[in-house]
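All remarks here apply to the structure that follows.
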Protein chains: 4
Amino acid sequence: MEAIFEATLQVLSSDGLIRFNTTRVARRAGVSVGTLYQYFPNKQALLFAVLERHLVMLAEAIEKACDENRHAAVEMLAEAVVKAYLRVQMAQAELSPALYRISLELDARELTELATRRSAKAIATSLSTAGDGDFSDPRLVAETLTAALYGTVPAFCHRVLSEANGVEAQKQLTMMFQSYIRAQKAHVSQPE
Amino acid sequence: MEAIFEATLQVLSSDGLIRFNTTRVARRAGVSVGTLYQYFPNKQALLFAVLERHLVMLAEAIEKACDENRHAAVEMLAEAVVKAYLRVQMAQAELSPALYRISLELDARELTELATRRSAKAIATSLSTAGDGDFSDPRLVAETLTAALYGTVPAFCHRVLSEANGVEAQKQLTMMFQSYIRAQKAHVSQPE
Amino acid sequence: MEAIFEATLQVLSSDGLIRFNTTRVARRAGVSVGTLYQYFPNKQALLFAVLERHLVMLAEAIEKACDENRHAAVEMLAEAVVKAYLRVQMAQAELSPALYRISLELDARELTELATRRSAKAIATSLSTAGDGDFSDPRLVAETLTAALYGTVPAFCHRVLSEANGVEAQKQLTMMFQSYIRAQKAHVSQPE
Amino acid sequence: MEAIFEATLQVLSSDGLIRFNTTRVARRAGVSVGTLYQYFPNKQALLFAVLERHLVMLAEAIEKACDENRHAAVEMLAEAVVKAYLRVQMAQAELSPALYRISLELDARELTELATRRSAKAIATSLSTAGDGDFSDPRLVAETLTAALYGTVPAFCHRVLSEANGVEAQKQLTMMFQSYIRAQKAHVSQPE
DNA sequence: GATGAATGAGTGTTCATTCAT
DNA sequence: GATGAATGAACACTCATTCAT
């Protein structure tokens, strides 16, 4: 079972989603197709399992970062969230193209929704309780940041991060988030 | 030939990438498969053509926005770029999931690179010549903005924009970009 | 197309329904599986085609017999119907076990219904117009005869007819039908 | 063992022959597949057991009816035999389509032969010893009646009996048998 | 004796691509 | 150039049967 899951990751990483098929996974896992189907009802389930684990890891990392910065300055929060997200994402960098393809299959939408909702909620909460926070609409800010995170980073992954300058990416993203948050705070004092 | 291209778009929009196949495209185009293969060497070529057109449209829209704001304030530039990108993207909203899947196929990387490079270059140029611009590394800023654009927006597309508040999305994104750019300028005067 | 149909009959006859599969049919027909699927949308369609043709042949044979004996004595009619049914049935004797299995699949019920309904209707009509006919419920008599025909004969087929004494079977069946019909007429004159 | 047999019946009734498989039977019986295979060497054996029991029940019912009418009038015999057969058959009405499919598998021929032979023999004996019987070939008459019984009734089962007029079916069949037998007797006195 | 995880051959079906007409 | 019938490799999934525990 664990072997099958591991094989799924490997096949996904090395062969991509197109060449991904149950036979290959079974062979790589050193089991028969039949065995594979005893643990996963169908091919999609296999893919979803991988995607789900990834998304859960991301959401948990962000939640943890938010928890640990519940009363810190929003600048700290922004940095922590970006760092947490990137750490998880880069740990499975070679998986991410495949994961992104999976997540674009219609039925995976729910799964993704879940993760982003969790993340946005955690961020919104931390923004509300931040020492220096005072937002007119923390939920909107949190949703924007989440979209930027879950959306921007993969784009970075393929082009910039793969070229080994992930540190720089993290710095820029953090700065973008911090300045965006700072601007949002200003809005509150002097509404448009 | 044009009919085939049009049919490709239609099939992609209505049936999605999974149900996309040459037979269906040919039928929809009102030609035979054989004819289709006279104009496009294989299925991938068909998909690439669509993706390429989309990416070129994006790149051109951004280049035009940059051109028109070459000497304007960076705030104006940010807004114009975001607006330009979103206009194109939302014009073919129902196509974008399929396009994203295509772009995640390994061999499409080049195509995407090209568009983002063009966009980043245009933005970098405009940042350099901006009336109030004074960046230590305009290229890095431009690349970050490009990644955020090409990456964030699709994430928005599925979750937020579909809920008809695309206007808000545009406002938030513009604000994020503007504040980020402003923060970058500050950096120059008072280096870290 | 005709070759595929022919191959279907052959595979059904020689290998039976259990060993019947699309690959085998295609190979026997000298075509590829793909070609097979161009003419028949799926395996079931293949089987149904064979069953339908058989049932239509039976129904038509009975209808023709009824037509030709529309005003004859009921004794003649009974003999003609039995003879017509048996002629068709024995012409494809080696197919009939397989056909019977097909007809027992749930979705084939309609097909069978159609054939028996047609046959029953034809027989009922002829009974009504028969020179010496005078039945209280020709429809009931016709349905009973049809059931006996479509049901009894296969049982005969496997045990008796296969032992080459089909002639005797036909004689007995004809007698059974004639005496039953005669008894039904008696009923009318002297109701129970 | 008894549980397995019972489960076989249940699965056959509720899921039909197509969905019938050893795993399902074992689960329904509350045992493991391994255990199932300790009592029945293979899937076919399981099905044969069910079919055999059914056929034995039919044969025994007919034998009993014949025994009880050994010296009665042939009219009585006919009625008793039809009634006995139908009672058993309708008691497991929902099983009969599946049973019929099983019986059409080549290797089940023996089993069926056995039951019909027993039935035909019993009927032939009773015809010979009947008070008013005087047949030139009682065996032929008996075989014809048996074929009509085992063959016709199922046809009735699916179309007529299911519509709750089983009583009528029984009346018609009985009449058909009685008139056939009567006709056979006449033959002896006045040979063709 | 009982278990049930493991096996893997077998099957229906799809679809990119070719090529004779 | 156009056609579309033909191809056949590829794949998801099932299930009868075995055998180590």
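By convention in this document, chain letters (A, B, ...) are assigned in the order of the sequence lines, proteins followed by strands, and residues within each chain are numbered from 1.
- Place B:Val31 and C:Leu36 on DNA chain F by their nearest nucleotides, and B:Val31 ends up nearer the 5' end.
- Separating the CG atom of B:Asp15 from the C1' atom of E:dC15 is a distance of 15 Å, rounded to the nearest angstrom.
- One atom, CG of A:Leu17, and another, C1' of F:dC11, lie 14 Å apart when rounded to the nearest Å.
- Comparing E:dA16, E:dG4, F:dA16 against the side chain of B:Lys43 picks out E:dA16 as the nearest.
- The side chain of C:Tyr39 contributes no N or O atom lying less than 4.0 Å from OP1 or OP2 of F:dA5.
- Side chains of A:Arg28 and A:Ser14: a donor on one and an acceptor on the other come within 3.5 Å.
- A 4.5 Å side-chain heavy-atom check between D:Gln89 and D:His54 finds at least one atom pair inside the cut-off.
- Between C:Phe20 and C:Leu47 there is a side-chain heavy-atom pair separated by less than 4.5 Å.
- Taking only side-chain nitrogens and oxygens, D:Ser32 never comes nearer than 4.0 Å to OP1 or OP2 of E:dA2.
- Between the CD1 atom of A:Ile4 and the C1' atom of E:dA6 there is a distance of 10 Å, given to the nearest Å.
- A:Ser13 places a side-chain N or O within 3.5 Å of a backbone atom of A:Leu9 that can act as its donor or acceptor partner.
- In this structure, C:Arg19 atom CZ and E:dG12 atom P are separated by 12 Å, rounded to whole Å.
- Between A:Leu46 and A:Leu36, the closest side-chain pair of non-hydrogen atoms falls below 4.5 Å.
- In this structure, the nucleotide among E:dT13, E:dT7, F:dC13 sitting nearest to the side chain of A:Val33 is F:dC13.
- In the set F:dA12, E:dG12, E:dT17, the nucleotide with an atom closest to the side chain of A:Tyr37 is F:dA12.
- With rounding to whole Å, A:Leu46 atom CG is found 15 Å from F:dC11 atom P.
- Heavy-atom nearest nucleotides on DNA chain F were determined for C:Gly30 and for D:Pro41, and the one closer to the 5' end corresponds to C:Gly30.
- Atom CD of B:Glu52 and atom CD of B:Glu110 lie 10.5 Å apart (nearest 0.5 Å).
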Open item on the list: For Watson-Crick and G-U wobble pairs within 3.5 Å on both distances, what is DNA chain F written in dot-bracket notation, | included for inter-strand pairing?
Closed with: .||||||||||||||||||||
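- Across the interface with DNA chain E, nearest-nucleotide mapping of B:Phe20 and C:Thr22 shows C:Thr22 to be the residue nearer the 5′ end.
- Summary of the strand contacts: D:Thr35 and B:Asn42 both lie near DNA chain E, and taking for each the nucleotide with the nearest heavy atom, the more 5' one is attributed to D:Thr35.
- You'll find that the side chain of A:Arg24 is closest to F:dC11, out of E:dT7, F:dG8, F:dC11.
- Of the candidate nucleotides E:dT13, F:dA16, F:dT3, F:dA16 has the atom lying nearest to any side-chain atom of D:Asn21.
- Taking CZ of A:Phe48 as the start and OG1 of A:Thr8 as the end, the distance is 14.0 Å to the nearest 0.5 Å.
- Of all non-hydrogen atoms in D:Ala115 and D:Ala59, the two that sit nearest each other are O-CB, 4.1 Å.
- With rounding to whole Å, B:Arg27 atom CZ is found 15 Å from F:dT3 atom P.
- Distances were taken from every side-chain heavy atom of A:Gln38 (C-beta onward) to each of E:dA6, E:dT3, F:dA5; the shortest belongs to E:dA6.
- One atom, CE of B:Met1, and another, P of F:dA2, lie 12 Å apart when rounded to the nearest Å.
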